[in-house]
Amino acid sequence: MGNCKVCGHQASIAEVGFDDSKINCDYCGRFIITSDALESLSSSGRNVLAVLLREREINKKSPLAIFLKNKEDYVTDSYRLVTLEELISTFPKNVSERIDRTLLNLANVTRYPGQTLHITERSKTLFFTQTMDTREMFFLMQQLIDDGLISGHTSIPSELTVTVKGWNRIADLEIEQKSQDSDQAFVAMWFGEEMNSVAEKMLSAIKAAGFKAVRIDKKEHNNKIDDEIIAEIKKSKFVVADFTGHRGGVYFEAGFGMGLGKPVIWTCREDSLSELHFDTRQYSHIVWKDEDELYSKLLNRIRATIN
């Protein structure tokens with residue numbers, strides 16, 4: 001046992017690799033962090049990281065392996081690889097989003113509507129603050145009270161309760177965030193026999209990046225195929241669309257994903273590139289010659305663009 005190297009609370013710590021730490025903390029959850037990533041953190045950066053890790057732990061998300069850079073050099077099946085910069089960039093950019101995500105945290109640690117939450121010093125990472133300054137925490141707390149989303153008093157310790165108005169706001173936020181928090185990727189491609197090995201490499205790259213892939217031709221269902229496609233794209237965080245063979249369904253599925261505001265990763269085998277439709281040719285396609293090249297390029301693109 002020892003103290004968590006991010007939030008400072010008691011945690012189980014094991015050394016792995018070259019002075020990297022595998023940590024299991026009641027507040028930050030399970031994660032691996034490299035020594036150079038830790039050393040690069042300022043006090044405010046450490047607080048931001050603690051807040052983001054606690055949010056992940058509350059939502060039971062997959063554990064992270066956090067690197068300063070060169071995350072591709074690390075191999076692990078049970079931890080999702082991410083650079084410190086990628087993770088820190090997910091901290092809310094504006095105060096209104098910080099208030100919303102704080103409200104979601106408070107709701108997610110509430111066992112039932114009407115429960116009173118006892119807020120102490122250890123509760124600070126429930127609030128999306130950039131520093132450990134209590135005044136910043138009080139500002140977010142007071143705004144939630146003023147907006148009628150929680151009831152209670154601005155103090156530590158304090159007793160807070162999510163109100164009916166707060167629960168209604170949470171319902172709206174959960175709908176917005178459901179697909180954003182998804183770990184699913186929808187694969188749109190020509191599923192002819194000659195593409196079987198390509199599909200397997202594509203799915204392997206998605207899995208190596210920390211996501212699960214959905215191939216609609218492999219999914220058992222009782223619905224119309226087009227209804228099932230729409231449902232799965234809605235549930236996915238992003239779409240990988242390969243235009244080799246130029247199937248109309250791939251164009252539709254990529255366009256539907258874009259219409260929902262989801263990232264689309266465009267790929268095409270080199271010998272099919274000249275036949276791309278002019279409406280989509282403008283997008284940055286991953287051009288590949290063989291399955292191995294597709295695997296490496298797709299893996300790097302996912303890690304670079306999907307958080």
About how many Å separate CZ of F138 and OG1 of T154, when rounded to the nearest 0.5 Å? 7.0 Å

Taking the side chain as C-beta and beyond, is there a heavy-atom pair between K201 and D290 under 4.5 Å? no

Do the non-hydrogen side-chain atoms of L49 and L84 ever get within less than 4.5 Å of each other? yes

Will you find, in the side chains of E200 and N196, an N or O donor that is under 3.5 Å from an N or O acceptor? no

For the student: nearest non-hydrogen atoms of L203 and A213, plus distance: CG-CB, 3.8 Å

Of all pairs that satisfy ring-ring contact (aromatic ring centres under 6.0 Å, His included), the ones with a partner from residues 143-171, not counting sequence neighbours: none

Is the closest side-chain donor-acceptor distance between N59 and E55 under 3.5 Å? no

Go through the steps for K124 and I156 under the test side chain to side chain contact (heavy atoms under 4.5 Å, CB included), then give the verdict. CA-CA 10 Å; K124 280 188 173 182; I156 293 181; 4.2 Å; yes

So, T116 versus E159: side-chain donor-acceptor pair below 3.5 Å or not? no

Just wondering, more than 12 heavy atoms not from D26 lying within 6.0 Å of its CG? no

Anything under 30° is parallel, anything over 60° is perpendicular, the rest tilted; go ahead and classify F243 against W266. parallel

How long is the straight-line distance from CG of N108 back to CZ of R54, given to the nearest 0.5 Å? 11.5 Å

State, with a plain yes or no, whether a side-chain heavy atom of L81 is found less than 4.5 Å away from one of R303. yes

How far does NZ of K297 sit from CD1 of I265, to the nearest 0.5 angstrom? 14.0 Å

Minimal non-hydrogen separation, S155 against M141, with atom names: N-SD, 4.0 Å

Would you please test R98 and Q130 for side chain to side chain contact (heavy atoms under 4.5 Å, CB included) and show each step? CA-CA 10 Å; R98 289 165 62 184; Q130 293 175 295; 3.5 Å; yes

Can you find a heavy atom in the side chain of T125 that is under 4.5 Å from one in the side chain of N105? no

Hey, does the side chain of E86 reach the backbone of V82 with a donor-acceptor pair shorter than 3.5 angstrom? no

Same apolar cluster (I L V M F W Y, side chains within < 4.5 Å links), I229/L260: yes

Scanning both residues in full, the closest heavy-atom pair of H246 with L276 reads CE1-N, 3.4 Å

Under 3.5 Å, is there a donor-acceptor pair between the side chain of R269 and the main chain of T244? no

Report whether L173 and V109 are members of the same hydrophobic cluster (ILVMFWY, side-chain heavy atoms less than 4.5 Å apart, transitive linking). yes

Do the side chain of T163 and the main chain of G148 share a donor and acceptor less than 3.5 angstrom apart? yes

Taking CD in Q142 as the centre, count heavy atoms belonging to other residues, nucleotides or ligands within less than 6.0 Å. Is the count above 12? yes

State whether the side chain of T129 and the backbone N or O of M132 hold a donor-acceptor pair below 3.5 Å, judged by distance alone. no

How long is the gap from SG on C4 to CG on L53, to the nearest 0.5 Å? 7.5 Å

Any sub-3.5 Å donor-acceptor pair from R56's side-chain atoms to P63's backbone N or O? no

Test: K93 and E97 ion pair at under 4.0 Å: no

Using side chain to side chain contact (heavy atoms under 4.5 Å, CB included), reason through I58 and L126 one step at a time and then give a plain yes or no. CA-CA 9 Å; I58 291 169; L126 291 174; 3.5 Å; yes

Heavy-atom distance under 4.5 Å between the side chains of I150 and L117, does that happen here? no

Side-chain heavy-atom pair T305, F238 within 4.5 angstrom cut-off: no

How long is the straight-line distance from OG1 of T90 back to CZ of R101, given to the nearest 0.5 Å? 6.0 Å

So NE2 of H285 and CZ of R301: to nearest 0.5 Å the spacing works out to 10.0 Å

Please say whether more than 12 non-hydrogen atoms of neighbouring residues, nucleotides or ligands are located less than 6.0 Å from NZ in K22. no

Taking every heavy atom of S21 against every heavy atom of I13, the minimum-distance pair comes out as CB-CG2, 4.4 Å

Is R30 close enough and on-axis enough to Y79, meaning under 6.0 Å and within 45°, for cation-pi? yes

Which atom of V48 lies closest to which atom of I88, heavy atoms considered: CG1-CD1, 3.8 Å

With no hydrogens and no angle check, is any side-chain donor or acceptor of E136 less than 3.5 Å from a backbone partner on T131? yes

Do F211 and I306 come within less than 4.5 Å of each other through their side chains, counting heavy atoms only? yes

Dump the intermediate steps for side chain to side chain contact (heavy atoms under 4.5 Å, CB included) on V250 and D242, then the final yes or no. CA-CA 7 Å; V250 177; D242 184 83; 5.9 Å; no

Side-chain heavy atoms nearer than 4.5 Å, only ILVMFWY residues, links allowed to pass through others: does that put Y27 and F127 together? no

Check whether any side-chain N or O of R247 sits under 3.5 Å from a backbone N or O of G245 as a donor-acceptor pair, and report yes or no. yes

Taking side chain as C-beta onward, heavy atoms only, is Y283 less than 4.5 Å from M258? yes

Can E232 and K262 be counted as an ion pair, charged N to O under 4.0 angstrom? no

N/O donor-acceptor pair under 3.5 Å between S236 side chain and V239 backbone: no

Decide whether L294 and M189 are clustered together by the hydrophobic rule: side chain heavy atoms of Ile, Leu, Val, Met, Phe, Trp, Tyr closer than 4.5 Å, transitively. yes

Taking all non-hydrogen atoms of both residues into account, name the closest pair between E57 and G29 and its distance. OE1-CA, 3.2 Å

